[in-house]
Protein chains: 2
Amino acid sequence: MKKPTNDQTSYHHGDLRAALVCEGMRQLGEEGVGDLSLRGVARAVGVSATAVYRHFPDKDALLSAIAEEGFRMLGQAQRVAFSAAREAGARAFQASGAAYVRFALANPALFRLMFARPTAASRQSDAAAFLRENSAASAPPGVDRGLFALQAWSVVHGLAMLMLDGLAPADDTLIEGVLSATLGPNC
Amino acid sequence: MKKPTNDQTSYHHGDLRAALVCEGMRQLGEEGVGDLSLRGVARAVGVSATAVYRHFPDKDALLSAIAEEGFRMLGQAQRVAFSAAREAGARAFQASGAAYVRFALANPALFRLMFARPTAASRQSDAAAFLRENSAASAPPGVDRGLFALQAWSVVHGLAMLMLDGLAPADDTLIEGVLSATLGPNC
DNA sequence: CCTAGATGGTAACAGCGTCAACATGAAAAA
DNA sequence: TTTTTCATGTTGACGCTGTTACCATCTAGG
């Protein structure tokens, strides 16, 4: 058979690496980052703990892989929101910012994991690239593009974190309000 | 003797709780949050691991106490920067914002710990109170005070996080630039 | 067909957070 | 002063964790 088998009877798993990342992502949806154990993920996938080491050098690498997948999801959420906006330009950019915050609120543990690691491969992430590219469309004239992008990113990231910590109410109207105030009243 | 003894010979420690928080804070300055173990802190203080449980119900409580101390330090850093500013009002408020970011950069692991826990007693923290109180002085007229405070907090918090993760260069000029752009050009 | 290498499992290690049971000593009660 | 009490510290143990060394199995290529 050419396709990888998924039978429980087969000795080899087929695509264990993907299964581990997937299961890890799933467990992040139910518990916090601290409750995520290498052994637990392996157990859930139905494989011995040490099998993980055939695909990841250590636990941290597995977490990084999960985080990387998270960044991919976040980037896509931003792009979807951007495209879905009726008007292009500044308004669409704000929509992508709101999507950023909403993603964090919808996936608290994952979002925390993504940014909780200095080791992370988050540099030059998908989400970051999106922000840098599209912020220019919304930057007011005469303002440094890079500075504006960083400012926008800071606001959405900070707002997401504060709402995640319960330091600000996770209110959709509030998100729009803060973003409008930051990105300029011309929205 | 009326004073608590600090001799290594004495069975009772004197003020173990404070010593544990202090040592935990110290270790946070050298390693990451993940490398901080209850046993390790107890060992460094020269006490058995289970002695910790006379002062904290579990490890999480110890971490929360450390975080709480961190919030106290952060609040003070903001107040100092605010007072040190020559002009009062908006300019001083911006200075306190810059102090917020610099505190995060100076104490990366501590800052991460402070905000990495949904369980944290970070609600109604010292730093938060300061922001809410003093943001009014800098809010442009006609803008909702609460919204402005949240926006300002989001920017400094997000900027701190991004710089901590290496997603933005930890540049002092950059901090001032982003803050100026956000808090209004009237600074 | 057979062999080599990728992918899996077993057993064991030290370290972790935590609990139950016991020891100590300082301060209140006698 | 003597006695008792109770907060504080210790020992030993349990199950769990990440990780390693070594062995088993399957599958692809000669």
Side-chain angles (χ1 to χ4, degrees), chain A residues 1-24 27-28 30-67 109 113 116-117 119-120, chain B residues 1-24 27-28 30-67 109 113 116-117 119-120:
Chain A
M1 40 187 94
K2 299 166 185 177
K3 284 263 185 169
T5 72
N6 266 347
D7 312 3
Q8 294 114 335
T9 61
S10 70
Y11 187 85
H12 288 322
H13 182 280
D15 192 358
L16 183 55
R17 191 197 145 95
L20 290 170
V21 171
C22 177
E23 172 62 24
Q27 291 198 16
L28 270 186
E30 300 189 339
E31 307 163 352
V33 190
D35 302 329
L36 192 69
S37 74
L38 192 155
R39 288 177 112 109
V41 173
R43 211 178 299 132
V45 172
V47 100
S48 83
T50 53
V52 178
Y53 288 84
R54 298 294 152 192
H55 302 270
F56 302 98
D58 54 12
K59 180 187 180 181
D60 208 62
L62 170 59
L63 294 182
S64 290
I66 298 174
L113 170 68
R117 42 201 29 259
T119 321
Chain B
M1 41 189 91
K2 299 166 187 175
K3 283 264 184 169
T5 73
N6 267 347
D7 311 3
Q8 294 114 334
T9 60
S10 70
Y11 187 85
H12 289 321
H13 182 279
D15 192 359
L16 183 54
R17 190 198 145 96
L20 290 171
V21 171
C22 177
E23 171 63 23
Q27 291 198 15
L28 270 187
E30 299 190 340
E31 308 163 352
V33 191
D35 302 329
L36 192 69
S37 74
L38 190 154
R39 289 177 113 109
V41 173
R43 209 179 299 129
V45 172
V47 99
S48 82
T50 54
V52 179
Y53 288 84
R54 298 295 154 193
H55 301 270
F56 302 97
D58 53 12
K59 180 186 181 182
D60 208 62
L62 171 58
L63 294 182
S64 290
I66 297 174
L113 170 68
R117 45 203 25 263
T119 321

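Small disclaimer: the values here were computed from a predicted structure and weren't measured.
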Quickly work out the Leu16(B) CG to dT24(C) C1' distance and round it to whole Å. 15 Å

For Ala61(B), enumerate each residue passing the side-chain contact (heavy atoms from CB on, under 4.5 Å) test, keeping only those at least two apart in sequence or located in another chain. Phe56(B), Pro57(B), Asp58(B)

Atom CG of Asp60(B) to atom C1' of dC16(C): distance rounded to whole Å? 15 Å

Per atom distances to the Arg54(B) side chain, the nearest of dC22(C), dC23(D), dG18(D) is dC22(C)

According to the salt bridge (charged side-chain N to carboxylate O under 4.0 Å, His left out) rule, which pairs have a member within residues 30-39 of chain B, sequence neighbours left out? Arg26(B)-Glu30(B)

Partner residues of Thr50(A) under the side-chain contact (heavy atoms from CB on, under 4.5 Å) criterion, sequence neighbours left out: Ser48(A)

side-chain contact (heavy atoms from CB on, under 4.5 Å) with Ala42(A): which residues, sequence neighbours excluded? Val47(A), Val52(A)

What is the distance from CZ of Phe56(A) to C1' of dT20(D), rounded to the nearest Å? 19 Å

Any side-chain N or O of Tyr53(B) below 4.0 angstrom from OP1/OP2 of dT18(C)? yes

Sub-4.0 Å heavy-atom contacts from residues 38-52 of chain B onto DNA chain C, ordered by number: Leu38(B), Arg39(B), Arg43(B), Thr50(B)

Is the shortest side-chain N/O distance from His55(A) to OP1 or OP2 of dG8(C) below 4.0 Å? yes

How long is the line joining CG of Leu20(B) and C1' of dG9(D), in whole Å? 12 Å

Whole-Å distance between dT17(D) P and Lys59(A) NZ? 9 Å

Taking all atoms of both residues into account, what is the closest heavy-atom pair of Ala109(B) and Val33(B), and its distance? O-CG2, 3.6 Å

Separation of Asp15(A) CG from His55(A) NE2 (nearest 0.5 Å): 8.0 Å

